[in-house]
Amino acid sequence: SSDLTNTMGNVVNALPNEAAVVSGPRGTRIVVGGCTFVIFILEHCKRLSLELMTLEVRSVEAETVRGVRVTVTGVCQIKVHAFHESEDGGQNEGLDKGSITIAAQHFLGKNVNNIQQSILHTMEGHQRQILGTLTVEELYKDRAAFSERVREHVFEDLRAMGFKLVSYTVTSIGDSGGYMEALGASQTALVKREAAEGTAKNESEARKKTMAFQAEADISTANAQREAHVSVNAQKEAEAQADRDLNLKRATYEKEVNTAKAIAEAAYSIEGAKQNQAVVRETTQQQVEKSSVMVTVAEREAERVQKQMEGESLAVLIEQRNKAEAA
């Protein structure tokens, strides 16, 4: 099979950043990021770059709507419209073979420099045309609006060439007559004046707000002091009332304590008297019993003495009788 390939044709590989355009009896085939078989003599293959091209679009001494000439430089990025775009602006996997075919019809076989020059002339023409519809003041104040108008104006022409504009930005605007410099100075002075007016206005507003805040703060302070004074007086009143209630309770408690103490002392005195009476009664009883005992003892002693004396008298009598009888 290798010999057959070498005899009949060749396999062509296309990188992702290029389109291989094969034409011949079998029609035109476009291959991007793949490979195809090209028959010798009958088919031809040429490559078209799909890479992004960055161009500097310079319009020198372009006349504006009021005749003031300006020099404007913009930078754009352009590439072949190789893939279809989804509704949200994203890129899908489907090749836009129609756009590639149109670009191939215009530029297949040409080098990159020739392609860039052709597109650059188209971009510069549209840029110069848009400049002719604007005043210098409009161009100076809103570059974004100018860039957007250029993008809108060039879209159809680039699409007809098989290309699309990826980005476009204005990088510089100038003139040789000093108009832009004067406009810049005037704008700077206006900005400075507006800044000074704004600063003064802001300072005035700040002073007003400061005074208002200070007044509110003073009022708040006065209210707070008044409320604090009222609160202090209420606290003192509450403390006085509490002291009074405490003193009343203390007096009540002391009265109750003194009453209880007096009752206790009286009961103690009564009990003491009762005890003393009992002691006296007991002592008296003891004395009575002692006296009774002493009386009994005395009576017994008297009886003994009496009996003794009677015995002695009887003995004397008996002795005397005995003596009498003896005599």
Side-chain angles (χ1 to χ4, degrees), residues 16-19 48-83 85-86 88-91 96 99-100 102-103 106-107 110-195 198:
N17 62 342
E18 65 180 2
L48 179 67
S49 175
L50 304 181
E51 291 183 345
L52 193 69
M53 296 182 291
T54 301
L55 306 177
E56 182 180 79
V57 185
R58 183 176 174 83
S59 298
V60 180
E61 295 295 318
E63 187 173 344
T64 61
V65 69
R66 294 180 180 176
V68 180
R69 296 184 177 276
V70 295
T71 298
V72 176
T73 301
V75 174
C76 68
Q77 291 182 321
I78 296 176
K79 64 179 296 185
V80 175
H81 198 285
F83 294 92
E85 294 179 352
S86 58
D88 58 359
Q91 181 172 287
D96 187 353
S99 295
I100 297 176
I102 293 173
H106 291 296
F107 303 108
K110 294 184 179 179
N111 59 39
V112 175
N113 184 58
N114 290 334
I115 297 174
Q116 289 181 349
Q117 288 298 318
S118 297
I119 296 175
L120 186 60
H121 290 157
T122 300
M123 288 295 302
E124 199 279 327
H126 284 289
Q127 180 173 273
R128 185 178 291 270
Q129 184 177 359
I130 298 301
L131 287 172
T133 64
L134 299 174
T135 64
V136 178
E137 288 79 9
E138 291 172 340
L139 183 63
Y140 183 85
K141 291 180 180 180
D142 198 348
R143 293 188 181 187
F146 169 70
S147 299
E148 183 62 27
R149 289 189 62 182
V150 171
R151 281 192 291 268
E152 293 174 354
H153 208 262
V154 78
F155 176 81
E156 292 297 335
D157 282 0
L158 288 178
R159 192 61 184 270
M161 298 166 66
F163 285 80
K164 72 173 183 177
L165 180 65
V166 178
S167 68
Y168 172 80
T169 305
V170 176
T171 57
S172 66
I173 302 174
D175 72 300
S176 59
Y179 189 92
M180 297 290 292
E181 183 178 356
L183 182 62
S186 175
Q187 185 67 21
T188 300
L190 177 60
V191 170
K192 288 183 177 180
R193 187 192 70 189
E194 291 178 350

Colleague: If you compare all heavy atoms of Q127 against all heavy atoms of S59, which two are closest, and at what distance to 0.1 Å?
Modeller: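 Nearest heavy atoms, Q127 then S59: NE2-OG, 2.7 Å.
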Colleague: Got a second to check how far H121's NE2 is from L55's CG, nearest 0.5 Å?
Modeller: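 Output value for this atom pair is 11.0 Å.
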Colleague: From the options V57, V166, L158, select the one residue that forms a side chain to side chain contact (heavy atoms under 4.5 Å, CB included) with C76.
Modeller: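 With C76 as partner, side chain to side chain contact (heavy atoms under 4.5 Å, CB included) holds for just one option, V57.
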Colleague: How about T135 and V65: do any of their side-chain heavy atoms sit closer than 4.5 Å?
Modeller: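 Sidechains of V65 and T135: in contact.
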Colleague: Between V170 and S147, which heavy-atom pair has the shortest distance, and what is it?
Modeller: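 Answer, listing the atom of V170 first, then S147: CG2-OG, 3.4 Å.
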Colleague: Just how far is it from atom OG1 of T71 to atom CG of L131, taken to the nearest 0.5 Å?
Modeller: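 Those atoms lie 9.5 Å apart.
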Colleague: Can you tell if the side chain of R66 reaches within under 4.5 Å of the side chain of E137, non-hydrogen atoms only?
Modeller: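 Result yes, sub-4.5 Å side-chain heavy-atom pair found.
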Colleague: Tell me whether R58 at atom CZ has more than 12 heavy atoms from other residues, nucleotides or ligands lying less than 6.0 Å away.
Modeller: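 Not more than 12 within 6.0 Å, no.
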Colleague: Nearest heavy-atom pair of G162 and I102: which atoms, and what distance?
Modeller: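 Smallest heavy-atom distance, with atoms named: N-CG2, 3.7 Å.
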Colleague: When you look at R149 and D142, which way does the salt bridge (charged side-chain N to carboxylate O under 4.0 Å, His left out) test go after all the steps?
Modeller: CA-CA 11 Å; R149 289 189 62 182; D142 198 348; over 6 Å; no
Colleague: Between R151 and Y168 (side chain of the first, backbone of the second, donor and acceptor by atom type, cut-off under 3.5 Å), is there such a pair?
Modeller: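 Confirmed, R151 side chain pairs with Y168 backbone.
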Colleague: Search all heavy atoms of L50 against all heavy atoms of P16 and return the closest pair with its distance.
Modeller: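 Nearest pair, atom of L50 first, then P16: CD1-O, 4.2 Å.
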Colleague: Quick check: do F146 and V72 have side-chain heavy atoms less than 4.5 Å from each other?
Modeller: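 Side chain of F146 against side chain of V72, heavy atoms only: contact under 4.5 Å found.
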Colleague: Sequence neighbours left out, what passes ring-ring contact (aromatic ring centres under 6.0 Å, His included) with H153? Give chain and number order.
Modeller: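 Applying ring-ring contact (aromatic ring centres under 6.0 Å, His included) to H153 gives H126.
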Colleague: Could you grab the distance from atom CD1 of I115 to atom CG of L120, nearest 0.5 Å is fine?
Modeller: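 Rounded to the nearest 0.5 Å, the CD1-CG separation comes to 13.5 Å.
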Colleague: Side chains of E51 and V112, heavy atoms from C-beta outward: is any pair under 4.5 Å?
Modeller: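 No, side chains not in contact.
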Colleague: Taking side chain as C-beta onward, heavy atoms only, is T169 less than 4.5 Å from R143?
Modeller: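 Answer no - side chains too far apart.
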Colleague: Of all residues at least two apart in sequence or in a different chain, which pass the salt bridge (charged side-chain N to carboxylate O under 4.0 Å, His left out) check with E152?
Modeller: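 With neighbours one apart ignored, the set is empty.
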Colleague: Apply the salt bridge (charged side-chain N to carboxylate O under 4.0 Å, His left out) test between D96 and each candidate in K164, R159, K79; give the one that qualifies.
Modeller: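 Of the listed residues K164, R159, K79, the salt bridge (charged side-chain N to carboxylate O under 4.0 Å, His left out) partner of D96 is R159.
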Colleague: Rounded to the nearest 0.5 Å, what's the gap from CG on N114 to NE2 on H106? Could you check?
Modeller: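 If I round to the nearest 0.5 Å, the distance is 15.0 Å.
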Colleague: Taking only residues two or more places apart in sequence, or in another chain, which ones meet F107 in a ring-ring contact (aromatic ring centres under 6.0 Å, His included)?
Modeller: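 By the ring-ring contact (aromatic ring centres under 6.0 Å, His included) rule, F107 matches F163.
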Colleague: For the side chain to side chain contact (heavy atoms under 4.5 Å, CB included) test, which of D175, V60, L134 pairs with V70?
Modeller: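 Result: among D175, V60, L134, D175 is the only option passing the side chain to side chain contact (heavy atoms under 4.5 Å, CB included) with V70.
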Colleague: At what distance, to the nearest 0.5 angstrom, does OG1 of T171 lie from CD1 of I173?
Modeller: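 Spacing of OG1 (T171) from CD1 (I173) equals 9.0 Å.
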Colleague: Nearest 0.5 Å, please: how far is CE in M161 from CD1 in I119?
Modeller: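 Between atom CD1 of I119 and atom CE of M161 there are 5.0 Å.
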